[in-house]
Structure formats: C-alpha cells, structure tokens
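A quick write-up on the structure given underneath.
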Number of protein chains: 2
Amino acid sequence: MLLDERKKRILEAVIEEYNATAEPVGSTKIATDYDLGFSPATIRNEMANLEELGYLEQPHVSAGRIPSSSGYRLYIDTIMKEKTLTAKEKQVIDEILKNDIIKFETLIKEASNIISRLTNYTSIAIGPQMDNCTVEEIKLVKLGQDRLMIVILADNGIIKESIIKYDGTLPEENIEIFNNYLNHKLKGMNFNQIYENINSYVEDELYNISTNIIPLVVELNNLLIDKNVEVYMDGTKNLLELPELKQENTLKNFLNIIETQDALKELLRSGYDGNINVYIGQENVFDDFKDFTIITYKQKINDKEIGTIGLIGPKRMDYKKVIPVIKYVGEALQEKIKGGGNFDDGNKGNNGDSGNNQEARDTSDE
Amino acid sequence: MLLDERKKRILEAVIEEYNATAEPVGSTKIATDYDLGFSPATIRNEMANLEELGYLEQPHVSAGRIPSSSGYRLYIDTIMKEKTLTAKEKQVIDEILKNDIIKFETLIKEASNIISRLTNYTSIAIGPQMDNCTVEEIKLVKLGQDRLMIVILADNGIIKESIIKYDGTLPEENIEIFNNYLNHKLKGMNFNQIYENINSYVEDELYNISTNIIPLVVELNNLLIDKNVEVYMDGTKNLLELPELKQENTLKNFLNIIETQDALKELLRSGYDGNINVYIGQENVFDDFKDFTIITYKQKINDKEIGTIGLIGPKRMDYKKVIPVIKYVGEALQEKIKGGGNFDDGNKGNNGDSGNNQEARDTSDE
DNA sequence: TCTTAGCACTCGAAAGTTTTAAGTGCTAAA
DNA sequence: TTTAGCACTTAAAACTTTCGAGTGCTAAGA
C-alpha cells in the first residue's frame with residue numbers, strides 16, 4: 001500500500017514527535033507544531049486512516065497515536081532522509097580505528113564503544129565465528145620456565161591463543177618437533193573437522209615422543225571451538241535511563257536479553273553482511289525483543305563471517321542519525337580489516353561497496 | 001559495647017528473618033518462630049535497646065526492625081557460625097579450577113563464574129595490576145605474511161600479548177635482531193620505568209635497522225600500561241531480580257556501580273590480600289555502595305598483586321554461606337596459582353596460610 | 001468534494017479519601 | 001523481671017472523585 005504525500009508527512013511528523021517525547025501524539029500537536037497546513041480535524045481523519053492501515057496505534061481511545069513497527073518500517077524504508085555525519089563525528093570514528101592494532105577482538109570493541117557513545121544507545125558486538133575456518137599456521141612459543149603459548153592463525157585472519165603449563169619435562173627440541181608436526185598435519189584443515197577427530201590426527205604418533213603432549217593437544221582443541229563466545233556490550237546504562245525502561249516489563253525483557261544473550265547471538269550471526277540490518281520490535285520472533293529495535297552490520301572477509309557490530313535501542317529511535325552512524329562505522333571497520341589484513345588470496349584493499357545505500361532486512365511486511 | 005547473650009540471639013534472629021524475607025521484622029514473628037523463650041513484649045523491649053545501640057533500624061514507627069550496617073558487622077564478626085561448604089560444592093570448585101590453563105585472566109573469570117553461580121549474587125573480579133612488574137621475557141612471533149605478535153612475560157607470571165601488522169618489509173632476520181635486542185635491553189626492567197622512557201631505551205638504536213620498528217615499539221609500550229582495565233562481572237541479573245533493586249534509587253546506584261567501575265576498581269585493589277574483606281553499606285565512602293555489601297579476596301604472588309575476586313550483593317545477604325564460598329574459591333585460586341606457577345624465585349607450593357579464619361576489614365567501628 | 005469548527009463522549013492519570021492491618025510503646029499486674 | 005492488654009501510629013491498599021487530553025462524528029463553509 002503506497003501512501004499519498006499527506007499521509008507520509010503526517011506519519012513522519014507523528015514519528016518525529018513521538019521520538020522526541022515518548023508520549024502518544026495528538027492531532028492538535030501536529031497541526032500547531034508541524035506546519036502541514038491542515039486543521040487538527042483533518043489530521044485527525046488521516047491519523048484514523050493511518051491506524052486502519054496499521055502504521056499507527058492508539059494506546060486507548062482518549063489518547064494520541066504512537067507509531068507501530070510497520071509504521072517505523074515504512075518510515076525507515078521510504079520516508080526518512082538520513083542525516084550525514086558531521087566532519088567531527090567522522091573524524092572521531094576514523095581516529096579510533098586508525099591504529100596498528102590488528103587484533104580483531106580489540107577493533108570490534110573499539111567500534112562498539114564508539115557506537116554507544118555516538119548514539120547514546122547500547123552497542124552490541126560479537127566476535128568471529130570460527131566454525132568453518134581452516135588452520136593457516138600454528139605456533140608454539142615457550143615462555144619462561146614451564147609455559148607454552150599455543151597460537152593458531154586462521155584463514156579469516158583471526159588469531160586464537162592460549163597458554164598452558166607443562167611439568168618441566170618438555171625439552172626445547174621437542175617443542176620444535178611438535179610445532180612442525182602440528183603444522184604439517186593440520187595446516188589447511190577445517191576447525192570443526194579437527195575438533196571432532198583430533199585424536200586420530202595427532203595423539204597416537206606424538207605419544208611416542210612424550211606424553212606431555214596431552215595437555216597441549218587438549219588445549220589446542222579447545223581453541224578450535226567457540227565455547228563461551230560472549231556478546232560484547234557497551235552503554236547498557238544508556239538504555240536503562242530511557243522512559244520505556246521504567247516499565248517493569250520492558251526492563252525485565254531488556255535484562256533478559258543482555259543476560260541470556262542467546263537470541264542476541266543468533267541475531268548478530270544472521271542478517272546480510274556488508275550492509276545494515278534493521279530489526280524492529282515484533283519483526284523479531286523473540287518475545288523479549290518486542291519493544292526494541294536492533295541494528296546490525298556484519299563483517300565479512302574472504303567470504304568468512306568474522307563478527308558483527310550493532311546496537312540495541314527502543315523502537316522509538318533517531319533512525320535518521322543512528323543508521324548512518326552504524327553504516328559509517330561498519331564500513332570503516334570493513335575497510336580497515338580488508339586494507340590491513342593482506343590475507344592469503346591477495347585481495348588487498350577495498351572493493352568499492354561502500355556506496356550502497358539500501359537497507360537490508362530479513363522479514364516480510366506484516 | 002558487648003551484648004549479652006539474649007540480645008545477640010535476638011539480633012541474630014532479626015538478621016536471619018530479614019535475610020529471608022526482605023521485610024521489616026516484628027517482635028511477634030521472632031517470638032513465635034525463633035523459640036527464644038520470651039514473649040513479644042520482652043523482645044520488643046530488647047529490640048528497642050538494640051535500636052538505641054545502633055544495631056537495628058526502624059523504617060517508620062509502625063513497622064518492624066531491619067538490621068543496620070553495624071548490626072551486620074557485629075553479626076559477621078562475633079555472632080554467626082560459618083557454614084562449611086558441602087562436599088559437592090567443594091568438588092565443583094576444585095573441578096573447575098583443576099585444568100592446565102595457566103592464563104590468569106581465564107582463571108579469574110572461571111573463579112568469578114563459580115562464585116556467582118554458588119551464591120546467586122553478582123561476582124566481580126579484576127585482573128593483575130602491572131604497575132610494579134618487571135619484564136622477564138619478550139618474544140616476537142611472526143604470524144602469516146605480515147603480522148607480528150608481541151608477548152611479554154612479567155615477573156608475576158602474567159603474560160601480555162598483542163598483535164600488530166607491518167607493511168611487509170620486515171625480514172625474518174630483523175625480527176630475530178629486534179627480539180634479542182629488546183630482551184637484552186628490557187629484561188628485568190620495571191614496566192613503569194620502561195613506559196616513561198621507552199624512547200631513550202630503544203628507538204634511536206633500532207631506527208637504523210628499520211623504521212618499521214616504530215609501530216612495534218608503540219604497541220609494546222601500550223602493553224605495559226593498564227589502560228582500560230575492566231572489572232569482570234558475572235550474574236548481574238541475579239541482583240537485578242532482588243526486591244531491593246525494585247527501588248528506583250537502589251537500581252540507579254547499582255547501574256552506576258557496574259557502568260562506572262571506578263569505585264569498584266579502587267575497592268578491588270584495596271583491602272588485605274590472602275584474606276576475606278567485607279565492606280558493608282556505608283562502610284564504603286562511595287554513596288552508590290550504601291545499600292550493598294562487597295566481599296573481596298585479593299590474590300598475591302611473590303608480593304605482587306595479581307588480581308582480586310569477589311562479589312557484590314545486597315546488605316541483606318546470607319553471610320554464613322557466602323563468606324565461606326569466597327574464602328574457599330579465593331584460597332583454591334591462590335593455591336592453584338602458587339602451585340602451578342613455578343616462578344623465578346623457586347618458591348613453589350603453598351605456604352600454609354589457608355587455615356586463617358579471621359576476617360579482615362579496613363574500616364573502624366562506627 | 002474537501003476541510004474544519006463545534007461538541008459530546010471516553011478513559012487514563014492524578015488527587016483525594018477511607019479502610020486495613022501490622023507493629024509499636026506504655027502501663028499495670030503477675 | 002516478664003508479660004498481657006490496649007491505645008496509638010502509619011504505610012499501604014482499596015476505593016472514589018476530578019481533570020483534561022484527545023477522540024469521532026456532525027453539520028456548516030469553501
């Protein structure tokens with residue numbers, strides 16, 4: 001259903017007024033403050049129509065209207081004009097992402113932090129999913145008297161490391177042997193594949209050299225699976241201070257979201273990559289999300305998902321501002337990773353998809 | 001002021017009843033449920049006395065009594081009998097800490113996680129303070145085509161690492177040179193000392209070999225200071241579900257504590273080490289803490305502070321249970337670190353201070 | 001035909017009132 | 001020294017009233 005211009009202007013006005021006040025918006029307010037050239041009565045009629053079409057809702061008969069999820073959806077997709085970031089904002093973002101640290105977890109945290117600061121909502125981020133990575137290199141590094149650092153470089157550029165201690169009977173030359181052996185055996189192999197069959201690949205043969213290999217193999221194996229992957233969040237307090245969260249129920253839902261994380265993880269892993277994904281309220285199946293909007297930007301390199309950044313906020317959100325922020329940070333991060341990585345296929349540099357201006361979504365109109 | 005036995009029993013009963021219900025406790029409740037052998041009227045008189053002495057408080061004249069901070073303090077120090085952990089609980093703790101991972105950050109997170117699960121409060125933990133550490137070893141590890149991992153082993157056994165990329169013009173043999181040079185120059189030196197004067201130690205000389213050393217030196221230097229040290233927390237939702245947190249004000253304070261973290265950091269860094277520290281309500285100067293109790297156990301090795309674990313909960317807390325839990329986990333962790341570290345001074349094993357049964361505190365009676 | 005002034009109506013929120021019950025402190029008797 | 005008895009206090013809950021924002025409908029005007 002395409003709306004005529006007047007309905008669009010009224011929907012826009014209602015959304016912007018509601019965004020500012022968090023109170024249901026009445027016809028008189030629109031008529032006096034938004035200069036549309038119609039009387040409250042006319043606007044009243046149009047608002048009744050917009051409600052019938054499902055774009056507005058009325059909490060009760062003697063209240064004003066609030067935007068519905070589909071109202072917001074329509075607004076985002078076809079009505080609003082995105083603000084452009086100020087030079088200063090861009091500068092802040094560029095500055096923070098412009099350093100030599102190439103540890104993806106650090107980068108994603110930095111990005112997340114900027115997002116919550118620039119938007120005043122709660123930023124969310126998740127690290128790489130290693131399921132389908134392959135091993136590019138393994139390094140064993142002796143540290144001090146009795147510790148061994150295990151480092152795995154994956155084909156998506158992510159580095160995993162852990163430290164074990166051994167009981168002092170692992171001679172330097174054995175480390176060398178293990179190192180070579182592990183690289184020889186595991187290079188190019190899939191993480192999952194190794195994880196499920198590590199013993200058949202490794203243990204028997206190395207056993208002969210030293211039983212001290214066991215904890216090493218165990219820990220190496222642990223590095224291959226993403227147990228306890230956590231969603232990184234910043235600025236939770238921002239949300240908690242919003243009027244929406246004063247409602248006991250909404251607060252409970254929010255706390256559930258941030259503590260359980262399962263649904264959030266799923267959402268962060270799904271969606272299109274290299275583009276903005278916007279999930280408004282009930283567009284998410286999870287009941288806890290019904291009063292929130294989640295915006296994500298998935299990072300990909302060499303066709304491997306390496307993490308997602310984004311934000312969670314109330315449905316009443318300054319989309320005009322927030323979406324460009326996520327876009328800019330997401331693209332900057334993507335550039336940074338591509339430009340800085342110099343990964344095995346030699347595809348260095350950007351591939352020019354940053355002009356893409358269309359929102360992705362994975363739900364249908366309701 | 002020493003209390004007679006009857007007052008102690010009544011204070012104990014009030015605290016236990018209040019712990020269970022979070023409601024002000026009346027004289028009749030105590031008389032009927034706690035079998036002290038006195039009528040409500042007698043208990044009423046004693047409660048009035050206890051209030052005068054500052055151990056109980058009355059929200060309003062027609063309500064029962066609640067324990068004050070000094071009431072809790074007295075209870076913890078001289079009245080309650082600590083529960084001993086069940087065999088099962090001990091087993092759970094031992095199991096989780098019994099693995100070959102020697103990365104302190106991981107250990108402290110595991111410990112923190114157990115605490116929140118066993119107590120149903122919010123566990124808190126902070127990693128090592130590196131201020132006065134010295135460098136024991138530096139390793140540069142080449143990864144893939146263009147990345148370099150910098151690893152620093154400190155004299156407290158803590159390992160710091162980061163990854164930088166370089167522009168592909170750093171030949172393998174130079175890495176070796178840098179590695180040796182850095183170890184030669186910096187081994188045994190104090191972190192702070194290096195941080196403040198890194199240029200005078202390093203840059204000039206290495207400059208001649210390659211200007212590519214610069215990002216390496218910058219990042220190495222970053223590793224030496226604890227910027228952005230974060231307090232690790234687990235089970236925040238546990239607290240948010242308590243009736244105390246239903247009060248807007250208390251909720252705000254809690255959110256402030258977990259978001260700002262500054263005060264919490266200070267608290268976690270202070271206190272006695274190798275022993276329990278209990279901070280009840282106003283005993284803390286920070287206003288946000290006034291409705292909470294914080295219990296900490298500071299970890300130390302070779303006279304260096306290497307982190308603190310603990311918990312934050314409401315003043316109304318099952319101290320009899322919680323204190324032994326923190327003690328047990330704290331001691332187990334301490335053992336684990338000492339036993340597993342095999343640090344440079346050869347002081348392997350435990351030094352037998354785990355029988356210590358006395359609570360430390362750093363505030364005076366009020 | 002479209003717009004709008006006018007007006008009766010609805011209903012939640014705020015303010016005010018009454019009722020209830022938990023718990024106290026004091027007095028006087030055991 | 002203890003306790004039964006009782007008047008008193010007060011927060012919380014339940015109920016009632018008032019207020020006002022905003023609506024939808026009707027009929028008149030452009």
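Owing to the predicted nature of the structure, the values given are computational and were not obtained by experimental measurement.
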Using whole Å, what does the distance between atom [atom2] of nucleotide [N] and atom [atom1] of [X] come to?
X: A:Tyr18; N: D:dG22; atom1: OH; atom2: C1'; answer: 16 Å
X: A:Gln58; N: C:dC9; atom1: CD; atom2: P; answer: 18 Å
X: A:Ile66; N: C:dG12; atom1: CD1; atom2: P; answer: 14 Å
X: B:Gln247; N: D:dA12; atom1: CD; atom2: C1'; answer: 14 Å
X: B:Ile43; N: C:dT24; atom1: CD1; atom2: C1'; answer: 14 Å
X: A:Leu36; N: C:dT4; atom1: CG; atom2: C1'; answer: 15 Å
X: B:Asn49; N: C:dG25; atom1: CG; atom2: P; answer: 10 Å
X: B:Glu46; N: D:dT3; atom1: CD; atom2: C1'; answer: 14 Å

Going by distance alone, is a donor N or O of one side chain under 3.5 Å from an acceptor N or O of the other, for B:Tyr319 and B:Thr293?
-> yes

Report the nucleotide, chosen from D:dT23, C:dG12, D:dG24, that has the shortest atom-to-atom distance to any side-chain atom of A:Met47.
-> D:dT23

Are B:Lys83 and B:Glu89 within salt-bridge range, i.e. N to O under 4.0 Å?
-> no

5'-most by nearest nucleotide on DNA chain D - B:Thr42 or A:Val61 =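 Mapping each residue to its closest nucleotide by heavy atoms, the 5'-most match is B:Thr42.
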
Does [N] have OP1 or OP2 under 4.0 Å away from a side-chain N or O of [X]?
X: A:Arg65; N: D:dG24; value: yes
X: B:Ser62; N: D:dT9; value: no
X: B:Arg44; N: D:dC6; value: no
X: A:Ser27; N: D:dT23; value: yes

Stepwise, does the salt bridge (charged side-chain N to carboxylate O under 4.0 Å, His left out) test hold for B:Glu244 with B:Lys315?
-> CA-CA 10 Å; B:Glu244 297 48 7; B:Lys315 279 162 63 176; over 6 Å; no

Test side chain to side chain contact (heavy atoms under 4.5 Å, CB included) applied to B:Asp288 and B:Ile258, B:Asn256, B:Leu264, B:Thr250, the passing residue |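 Option passing the side chain to side chain contact (heavy atoms under 4.5 Å, CB included) with B:Asp288: B:Asn256.
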
Which of B:Ile295, B:Asn120, B:Leu311, B:Ile124 passes side chain to side chain contact (heavy atoms under 4.5 Å, CB included) with B:Ile115? Answer is B:Leu311

